Number of protein chains: 2
Amino acid sequence: MASRLQAELKKKKPFDSPEQEAALSLLRTADLVQVRFARLFRGHGLTPSQYNILRILRGEGKPLPILEIASRTITVVPGITGLIDRLEQAGFLARKRCEKDRRVVYVELTTKGIRVLGELDQPLLELHRNMLGHLSATELGTLIGLLEKARSALAEGAGDA
Amino acid sequence: MASRLQAELKKKKPFDSPEQEAALSLLRTADLVQVRFARLFRGHGLTPSQYNILRILRGEGKPLPILEIASRTITVVPGITGLIDRLEQAGFLARKRCEKDRRVVYVELTTKGIRVLGELDQPLLELHRNMLGHLSATELGTLIGLLEKARSALAEGAGDA
DNA sequence: TGTAATTAATTGACATGTCAACTAAATGCT
DNA sequence: AGCATTTAGTTGACATGTCAATTAATTACA
């Protein structure tokens with residue numbers, strides 16, 4: 001039997017290799033997960049990237065420089081500027097220039113930002129259960145382990161031939 | 001010991017649940033894979049989405065209507081138009097309006113499109129090996145199976161409470 | 001036949017990601 | 001002091017993804 005992913009993608013030919021099937025399966029699954037997150041966040045006026053920034057700030061518990069935030073996200077530095085712009089515009093956070101080093105811009109959650117994060121905590125827990133709750137604890141552990149092993153060859157620059 | 005992903009993300013608190021760790025791990029890994037693909041394609045003047053469209057056309061072996069292409073990609077319908085625009089502009093494919101039903105636009109690979117696909121076949125095989133070749137056949141099979149199981153709860157509309 | 005509903009595709013508006021180039025402030029070094 | 005380098009962040013250009021709305025052609029059916 002041809003693989004299910006092959007059918008999902010209406011792909012005519014089978015996969016060239018198990019590696020290819022795994023990579024495409026990974027991208028496809030991640031996209032479906034991403035769509036679910038986006039749907040939830042949109043209901044609260046946020047995009048996934050925006051939520052991620054607010055979550056990082058809450059996790060830290062204090063204002064962070066813009067580049068420090070960038071280093072903890074996938075987003076590349078120039079993308080952060082517009083992201084922060086829109087979050088500030090919407091009142092979820094505020095910029096504060098550092099007095100000691102006037103190149104640095106700190107970003108701080110507002111009350112509104114803290115509130116929207118709180119509103120999302122419970123729905124997010126439920127969404128996670130909803131998406132992956134049908135996998136057993138063992139399966140989740142195996143999946144996490146395999147993904148970690150996959151990433152070990154994907155780290156920045158690894159294997160750049 | 002805290003999880004490695006937690007360290008990778010400089011995350012202060014542990015994950016709320018195994019489901020959360022698995023979901024974030026999935027997104028992170030997929031992003032790294034995507035970046036590698038993008039790097040390869042860029043060297044040939046293509047983006048991942050553009051390559052994907054060319055690949056679909058080659059797999060089919062004949063011209064396809066635009067909406068048929070859209071249905072085989074993640075890309076939402078309106079996004080396809082611009083994508084096809086740029087591919088046509090670059091000479092990789094051509095539009096042909098259907099004579100029977102003048103609403104339909106067929107898209108067909110050009111010689112140049114076929115050539116660039118050919119140039120990428122070998123490097124892609126190598127990239128796949130490079131990215132996931134350190135996983136055993138058993139591990140790849142397990143990963144593919146778990147991702148498939150994950151997708152079963154993520155299918156369009158599934159679990160929309 | 002003629003009008004409503006459907007279908008294929010495009011357009012426009014906006015968020016994001018990515019690159020290259022830039023500004024401004026701080027540091028290093030002579 | 002004075003000039004080169006580095007660092008923090010922004011800007012501009014372009015590709016993509018997403019939504020809502022639109023155009024154009026076809027189909028359904030009263």
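For clarity, every value in this text was computed on a predicted model and none was experimentally measured. Chain naming here is simple, since letters A, B, ... match the order of the sequence lines and numbering starts at 1 in each.
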* Asked: With side chains defined as the heavy atoms from C-beta onward, is the minimum distance between Leu140(B) and Glu19(A) less than 4.5 Å?
  -> yes

Distance, rounded to the nearest Å, where [X] contributes [atom1] and [N] contributes [atom2]:
{"X": "Ile53(A)", "N": "dG9(D)", "atom1": "CD1", "atom2": "C1'", "result": "14 Å"}
{"X": "Arg39(A)", "N": "dG17(D)", "atom1": "CZ", "atom2": "P", "result": "17 Å"}
{"X": "Leu46(B)", "N": "dC14(D)", "atom1": "CG", "atom2": "C1'", "result": "16 Å"}
{"X": "Ile80(A)", "N": "dA15(C)", "atom1": "CD1", "atom2": "C1'", "result": "13 Å"}
{"X": "Gln50(A)", "N": "dT18(D)", "atom1": "CD", "atom2": "P", "result": "16 Å"}
{"X": "Phe37(B)", "N": "dA15(D)", "atom1": "CZ", "atom2": "P", "result": "22 Å"}
{"X": "Arg42(B)", "N": "dT16(D)", "atom1": "CZ", "atom2": "P", "result": "12 Å"}

* **Steps toward salt bridge (charged side-chain N to carboxylate O under 4.0 Å, His left out) verdict (Asp121(A), Arg58(A))** => CA-CA 12 Å; Asp121(A) 285 338; Arg58(A) 182 177 62 177; 3.0 Å; yes

* Would you call Arg72(A) and Glu60(A) a salt bridge, taking side-chain N to carboxylate O under 4.0 Å as the test? -> yes

Shortest side-chain distance from [X], nucleotide among [options]:
{"X": "Leu67(A)", "options": "dA8(D), dA9(C), dG17(D)", "answer": "dA8(D)"}
{"X": "Pro78(B)", "options": "dC19(C), dT10(C), dG9(D)", "answer": "dT10(C)"}
{"X": "Thr81(A)", "options": "dT11(D), dT18(D), dA9(C)", "answer": "dT11(D)"}
{"X": "Ile66(A)", "options": "dC19(C), dA8(C), dG9(D)", "answer": "dG9(D)"}
{"X": "Thr47(B)", "options": "dT16(D), dT18(D), dC19(C)", "answer": "dT16(D)"}

With a 4.5 Å cut-off on side-chain heavy-atom distances among I, L, V, M, F, W and Y, is there a chain of contacts connecting [X] to [Y]?
{"X": "Leu117(A)", "Y": "Leu46(A)", "value": "yes"}
{"X": "Val104(B)", "Y": "Leu67(B)", "value": "no"}
{"X": "Leu32(B)", "Y": "Ile144(B)", "value": "no"}

* To do: With side-chain contact (heavy atoms from CB on, under 4.5 Å) as the test, would you mind laying out the steps for Arg36(A) and Leu40(A) before giving the verdict?
  => CA-CA 7 Å; Arg36(A) 291 299 208 88; Leu40(A) 171 59; over 6 Å; no

* To do: Kindly state which residues belonging to residues 82-105 of chain A come within less than 4.0 angstrom of DNA chain C, counting heavy atoms of the residue only, listed by number.
  =>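 Heavy-atom cutoff 4.0 Å gives Leu83(A), Arg86(A), Lys100(A), Asp101(A), Arg102(A), Arg103(A).
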
* In degrees rounded to 10°, what angle is found between the helical axes fit to the five outermost pairs at each end of the helix from dT1(C)-dA30(D) to dT30(C)-dA1(D)? -> 0°

* Asked: Under 4.0 Å: is that the gap between some side-chain N or O of Gln34(A) and OP1 or OP2 of dG17(D)?
  ->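 No, Gln34(A) has no side-chain N/O under 4.0 Å of OP1/OP2 on dG17(D).
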
* **Phe37(A)/His128(A) aromatic ring centres below 6.0 Å** =>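 Yes; His128(A) has its ring centre under 6.0 Å from that of Phe37(A).
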
* Candidate list Leu93(B), Val107(B), Thr110(B), test side chain to side chain contact (heavy atoms under 4.5 Å, CB included), partner Glu88(B), passing option -> Leu93(B)

* **Contact nearer the 5' end of DNA chain D, comparing Tyr106(A) with Asp31(A)** => Tyr106(A)

